[in-house]
Structure formats: C-alpha cells, structure tokens
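Working notes for the structure below.
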Amino acid sequence: MTTRVLVLNGPNLGRLGSREPDVYGDTSYTGLVEQCQRTGAELGLEVEVRQTDDESELVGWLHEAADGGLPVVLNPAAFTHYSYALRDACAQLTAPLVEVHISNPAARETFRHTSVVAAVATGTIAGFGLGSYLLALRAVALGLTEG
Ligand code: DQA
C-alpha cells in the first residue's frame with residue numbers, strides 16, 4: 001500500500017518565486033508542488049501538497065492528518081514562531097511530523113530563532129532551499145522518523 005503524506009505550507013508560501021527570491025529562491029509554488037510529487041513518486045509515497053494563508057485552515061488539515069494517522073511534512077512559515085494553536089494541533093499527530101524551512105531561520109532575525117512547533121515535531125530540516133522538503137520526504141520514506 002502506498003503511504004499517503006501531507007505536505008502542508010503556511011502563509012506567503014504560495015508566493016514562492018516572486019517572494020524575496022534572494023531568501024526563498026526563484027522556483028514558484030507550482031514548481032515546489034511538482035518537485036514534491038516527483039520525489040514522492042520515486043519514493044513510493046502518495047504526496048499531497050497544500051498551502052494556505054489561514055491559520056484555522058492549516059489547523060483543520062492537521063486534524064485531518066491526526067484522524068487519518070498520516071505523516072506530515074510541514075512548513076509553518078511565520079506561524080512557526082508564535083502559533084500555539086498550530087503547535088497544539090501538531091501535538092495530536094501520531095505519525096511522523098517533519099518541520100521544514102527553505103531558509104535557515106537560526107541564521108536570520110532573532111524572532112525566527114524560536115519555533116513553537118519544533119518540540120512536537122519528530123525532527124526539523126532547514127536551510128536547504130526547496131531541497132528541505134525533498135529531504136523530509138526521504139526521511140519519511142526511510143522510516144528515519146520512527147525514533
Ligand atoms: C520559512 C521561515 C519563516 O521564518 C518565514 O516566516 C517563512 C518561511 C522558511 O521556509 O524558510 O515564511 O518557514
């Protein structure tokens with residue numbers, strides 16, 4: 001059976017390609033979706049990529065993953081740094097959760113150094129551009145997230 005994985009993206013990530021390309025690169029969000037799906041297919045994963053600017057929609061998708069026992073690759077974007085609602089939703093997941101960031105938040109402004117999600121994630125991959133997502137999918141496929 002193919003493992004279904006949700007790749008969830010928070011605010012402003014739909015603007016990849018035009019948004020601060022010096023920080024986030026010039027590949028569009030559609031390009032990210034294609035790369036994730038291609039890598040997922042290579043790894044035998046059924047990857048579904050979603051993006052929202054809305055905290056409540058993202059929380060709803062995490063509830064869906066919790067109810068379905070689905071692994072999640074999550075770029076919480078700015079919510080990373082302050083959304084306890086998102087953290088509490090992440091804490092309900094039973095399958096692996098990989099937090100990803102395109103940039104390396106630890107090397108940026110101080111407010112980005114805190115992740116309220118990290119402690120309830122299985123692990124975090126940051127700083128590898130869109131490659132962070134592809135590495136996260138590999139971690140899921142390899143079962144590296146089982147502790
Ligand atoms: C980000 C880093 C966050 O600090 C920022 O708010 C984002 C993107 C990243 O992928 O590097 O929106 O999560």
Side-chain angles (χ1 to χ4, degrees), residues 3-43 45-66 68 70-142 144-145 147:
T3 303
R4 200 169 153 230
V5 183
L6 295 187
V7 177
L8 304 180
N9 292 283
N12 298 302
L13 291 168
R15 298 181 56 76
L16 283 177
S18 60
R19 174 195 185 195
E20 300 179 82
D22 48 320
V23 180
Y24 299 110
D26 46 25
T27 304
S28 65
Y29 174 72
T30 309
L32 169 68
V33 173
E34 283 165 8
Q35 286 190 32
C36 287
Q37 282 172 345
R38 198 175 322 126
T39 298
E42 280 166 25
L43 296 168
L45 301 172
E46 188 189 320
V47 172
E48 196 177 319
V49 189
R50 303 181 193 171
Q51 189 273 330
T52 183
D53 294 335
D54 179 353
E55 187 179 23
S56 92
E57 187 167 35
L58 195 49
V59 166
W61 289 344
L62 288 162
H63 292 168
E64 180 187 331
L70 303 176
V72 174
V73 172
L74 173 66
N75 187 343
F79 293 147
T80 307
H81 312 302
Y82 66 90
S83 174
Y84 297 121
L86 205 64
R87 177 206 164 98
D88 285 351
C90 288
Q92 298 171 45
L93 297 170
T94 51
L97 167 65
V98 187
E99 178 183 344
V100 298
H101 299 283
I102 298 165
S103 66
N104 177 1
R108 300 181 62 196
E109 302 95 320
T110 312
F111 78 89
R112 296 187 203 276
H113 297 181
T114 299
S115 167
V116 300
V117 170
V120 291
T122 313
T124 301
I125 300 174
F128 296 96
L130 299 188
S132 295
Y133 291 79
L134 310 182
L135 291 167
L137 289 169
R138 278 184 194 278
V140 171
L142 289 169
L144 291 177
T145 46

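Just so you know, ligand 1 is whichever comes first in the structure, and atom 1 is the first atom listed for that ligand. Residue numbers start at 1 and run along the sequence shown.
The contact set between ligand 1 and Y24, taken as ligand atoms under 4.0 Å from a residue heavy atom, comprises 5 (C), 7 (C), 8 (C), 9 (C), 11 (O). Of all atoms in ligand 1, listed by their number and element, those nearer than 4.0 Å to a heavy atom of A78 are 6 (O), 12 (O). Atoms of ligand 1 found under 4.0 Å from any heavy atom of H81 (numbered from 1 in listed order, with element): 3 (C), 4 (O). For ligand 1 and R19, the ligand atoms under 4.0 Å from any heavy atom of the residue are 7 (C), 12 (O).
The main-chain N or O of L45 is never found under 3.5 Å from a side-chain atom of T3 such that the two would form a donor-acceptor pair. A distance-only check finds a donor-acceptor pair linking the side chain of H113 to the backbone of A106 [under 3.5 Å].
For Q51 against G10, the heavy-atom pair with the smallest separation is NE2-O, 3.0 Å. Shown here for L58 and L8, the closest heavy-atom pair between the two residues is CD1-CB, 3.9 Å.
Taking the six-membered ring where the residue is Trp, H101 and H81 present parallel rings, their angle staying beneath 30° rather than reaching 60°.
Distances from ligand 1 to the non-hydrogen atoms of N75 include at least one value under 4.0 Å.
Across the listed options R112, R108, E109, R112 owns the non-hydrogen atom lying nearest to atom 5 (C) of ligand 1.
In N104, the CG atom is crowded: over 12 heavy atoms of neighbouring residues, nucleotides or ligands sit closer than 6.0 Å.
Checking only distances, I102 does come within under 3.5 Å of ligand 1, N or O to N or O.
Regarding atom 11 (O) of ligand 1, its nearest protein heavy-atom neighbour is S103 OG, 2.6 Å. Of the protein's heavy atoms, H101 ND1, 3.7 Å lies nearest to atom 1 (C) of ligand 1.
At a threshold of 4.5 Å between non-hydrogen side-chain atoms, the residues I102 and L13 count as touching.
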